[in-house]
Structure formats: structure tokens, C-alpha cells
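Nothing here was measured: the structure is a model prediction, and the numbers come from that model. Counting starts at 1 for both ligands and their atoms, in listed order.
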Amino acid sequence: MIDELNRKFGLPGVASFAPGRNGLPRLELRHGSGASLQVYLHGAHVTSWRRPDGREMLFTSGQSEFADGRPIRGGIPVVFPQFGDGPLPKHGFARIRTWRPEFVRVAPGGALEARLVLDDDAGTYAMWPHRFRLALDVALSDVLTVRVSVRNAGGAPFSFLAALHTYFAVDDIACATVLGLKGLPFIDTVGDGRKPGTDGCEAIAFDRETDRVYARAPARVALRDEAARFTLALDSEGMRDIVVWNPWVEKSKRMPDFGDDEYRRMVCVETGVVAEGIDLPPDGLWTGATTFRVE
Ligand code: TA6
């Protein structure tokens with residue numbers, strides 16, 4: 001399978017497939033700037049994004065499973081068509097299905113681009129009786145852009161939620177903050193609650209379990225890692241909501257695919273449509289994208 005994938009999609013020196021964890025096929029992109037990216041066909045799951053100097057910007061748990069039917073813990077989980085708990089598997093089924101590559105190419109400006117797609121099948125239709133085509137597009141240069149596209153391939157409208165549930169690697173959560181959400185209303189979803197709140201601070205700091213949904217958030221937010229001395233800007237289009245999450249101590253202990261102390265080295269800043277569903281008519285198309293830029 002790997003040989004066939006490389007025959008069809010490999011680009012010598014810049015793009016190749018290789019067996020990843022547990023032999024799952026993984027596309028590896030290597031940009032001339034020194035930046036690199038790894039994305040599994042399982043879930044179209046980006047598990048590594050290294051900036052040009054080689055620093056890994058994403059967190060993936062050392063205890064993550066890499067198995068059929070199970071989500072990878074970390075990287076950029078693709079959430080669709082459900083966010084959180086509900087009648088479908090948590091955060092939907094897109095992240096636990098095997099996607100297939102549609103293209104790998106070098107864009108005119110030199111960025112490395114790849115598209116993975118997922119169509120409905122008997123398994124998804126049994127859970128969610130709609131025809132769809134999902135596409136995940138990555139574009140790697142000295143920045144990373146990730147785009148999710150949803151097409152309604154059926155004859156009836158449907159409503160969905162979607163997100164990039166991105167886990168960022170930080171040197172120490174005690175020195176990490178999220179900027180750009182000052183004073184904006186959010187829903188605190190820690191535990192079973194859904195408590196409205198606002199935070200008048202310039203930056204969200206982390207000293208407890210944090211799980212906030214900001215509906216209608218700004219298109220730009222940023223993650224500051226004071227210990228590693230970088231600011232990572234997230235610029236989105238079509239992704240109208242932001243979720244900020246760190247499981248902290250007790251929830252980390254309850255997650256079998258997450259180390260008890262790994263909360264100290266990660267924070268999720270998620271971009272998507274998670275508060276209100278997107279209604280898509282037959283043949284309708286929705287796209288949302290986020291560009292990640294280290295400053
Ligand atoms: O986005 C935050 C959240 O909904 C948290 O409540 C937590 O459950 C997290 O997602 C991880 O969910 P997962 O299903 O990947 O364990």
C-alpha cells in the first residue's frame with residue numbers, strides 16, 4: 001500500500017508516504033524552509049508540524065492509540081459532524097475513519113499542498129444518514145494552513161458542526177497564555193456545567209481545568225509561550241468559534257491515552273463551528289480554514 005501511495009502521490013525529496021505508528025500510513029511533507037508536517041490517512045490527522053528551525057509545534061500524547069476506530073490523542077483532530085458528546089462517537093466519526101489522498105503537489109509559490117478526502121459510506125450512513133464529501137487541505141510553507149471543506153452530496157439538507165481540535169506543544173503550561181479573547185463572552189463547559197462567563201484579563205492563563213467555548217470569536221487569536229519564547233498566531237476564515245482547553249490534573253488522570261502530567265506540556269486552541277450548526281442545502285459547500293504562523 002505504501003509503495004502504491006508513493007507511486008501515485010510521492011514527490012521526490014518533498015513528499016512521501018511511510019508506515020507511521022502501528023504501521024498506519026502517514027504522509028510526510030518537507031518544505032525547503034525546513035518546515036515539515038506529518039499527516040495520517042487515519043482521521044486525516046496531522047500529528048506533527050515542525051517550524052523551519054525544527055521545533056515541534058504540536059503535542060501528541062506518548063500514550064496515544066494509533067488504531068482503527070480510535071482517535072489519535074493530540075495533533076489536529078478533525079471534528080465532524082458533531083462536537084463533543086452526542087448520538088455519534090464523541091467529536092463525530094471523521095477522526096476515526098480512514099481518508100484517502102486526492103493530490104499532493106507543489107503550489108506555484110512553493111508551498112507543499114495535500115488534500116485528503118472522506119466520502120460517506122455504509123458505516124457513516126448507518127450513524128448519520130446523509131451523503132457528504134469532506135476534504136482536508138494542508139498547505140505547508142514557513143506557515144501552515146489547514147482547511148476543512150464539507151459538501152452536501154445528498155438530496156436533502158443537513159446540519160453539522162466541525163472543528164480543528166488542535167493540540168499545541170508548550171514548554172510549560174504555567175508560562176502559556178491565549179491572547180485575543182479579552183472580555184468576550186464564553187461558555188465554561190468544565191464538568192457537566194455550561195456556565196456563561198467573561199474574562200477581563202488580557203490573556204487567558206492556566207491554573208486549573210479550562211474548557212471554554214467562545215462563540216462568534218475574533219478571526220485572530222494567539223498562543224504565547226513565554227518559556228519557549230514564541231507567539232503562535234491563528235488566523236481563521238469561516239471558523240467562527242474558538243475553544244480553549246486544558247484538562248489539568250484530575251481529568252488528565254481519567255484519560256487512558258494521556259499521561260498524568262502531559263497537561264503541563266499542551267494546550268488546545270480549537271477553531272471551528274461548534275456552537276450552532278451549519279445548515280447545508282443539497283450540493284452546498286462550506287469551508288473553514290486556519291493559518292498557523294509562528295512569530
Ligand atoms: O474541546 C474540548 C473537549 O470537548 C473537552 O471537553 C475534552 O473532552 C476534549 O474535547 C477532548 O475530547 P476527546 O474526545 O478527544 O477526549
Side-chain angles (χ1 to χ4, degrees), residues 21 40 42-47 58-97 127-128 136 146 148 160-170 173 176 178 181 184 186-197 199 204 206 208-217 221 223 234 236 239-277 288 290 292:
R21 296 275 292 278
Y40 281 79
H42 179 68
H45 202 124
V46 176
T47 53
L58 301 180
F59 166 87
T60 299
S61 172
Q63 297 183 185
S64 177
E65 297 178 80
F66 286 80
D68 279 348
R70 301 295 301 144
I72 294 170
R73 173 67 67 190
I76 308 179
V78 179
V79 174
F80 176 87
Q82 171 184 295
F83 184 86
D85 293 311
L88 300 175
K90 188 172 176 193
H91 286 326
F93 47 68
R95 65 176 181 169
I96 55 176
R97 310 293 288 192
M127 291 186 274
W128 194 66
L136 186 89
V146 183
V148 180
F160 68 92
L161 301 175
L164 298 173
H165 193 300
T166 308
Y167 288 67
F168 294 102
V170 294
I173 191 64
V178 173
L181 295 165
L184 297 177
F186 62 85
I187 299 296
D188 182 334
T189 62
V190 171
D192 297 329
R194 291 187 63 81
K195 298 185 291 296
D199 185 332
I204 301 172
F206 299 89
R208 68 197 69 184
E209 181 181 351
T210 304
D211 199 345
R212 297 180 178 184
V213 176
Y214 288 84
R216 308 283 183 194
V221 294
L223 167 66
L234 291 79
S236 294
M239 304 286 216
R240 63 190 179 202
D241 308 325
I242 295 274
V243 180
V244 177
W245 176 58
N246 183 283
W248 213 247
V249 177
E250 293 314 315
K251 186 157 190 174
S252 296
K253 291 177 182 170
R254 299 197 298 270
M255 294 158 60
D257 59 347
F258 190 82
D260 288 358
D261 67 352
E262 288 188 317
Y263 73 92
R264 300 197 62 85
R265 298 193 305 278
M266 55 70 67
V267 61
C268 282
V269 182
E270 307 156 37
T271 52
V273 282
V274 306
E276 288 174 51
T290 299
F292 305 97

- Query: Between the side chains of T189 and D211, is a donor N or O closer than 3.5 angstrom to an acceptor N or O?
  - Reply: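 Result is yes, a qualifying pair exists.
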- Angle class for the Y167/F59 ring planes (parallel below 30°, perpendicular above 60°, tilted otherwise)?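 Correct class here is parallel.
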- What orientation do W128 and F80 show, parallel under 30°, tilted 30 to 60°, or perpendicular over 60°? perpendicular
- Per the under 4.0 Å non-hydrogen criterion, ligand 1 touches R73, F83, K90, H91, R95, H165, D211, V243, W245, K251, E270
- Considering all heavy atoms of both residues, which atom of V274 and which atom of A163 are nearest to each other, and what is their separation?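 The answer is CG1-CB, 3.8 Å.
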- Message: Measuring centre to centre across the rings, with the benzene-like ring taken for any Trp, is H91 within less than 6.0 Å of F83?
- Response: yes
- Query: Charged N to carboxylate O under 4.0 angstrom, D199 versus R212?
  - Reply: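 The answer is yes: the pair qualifies as a salt bridge.
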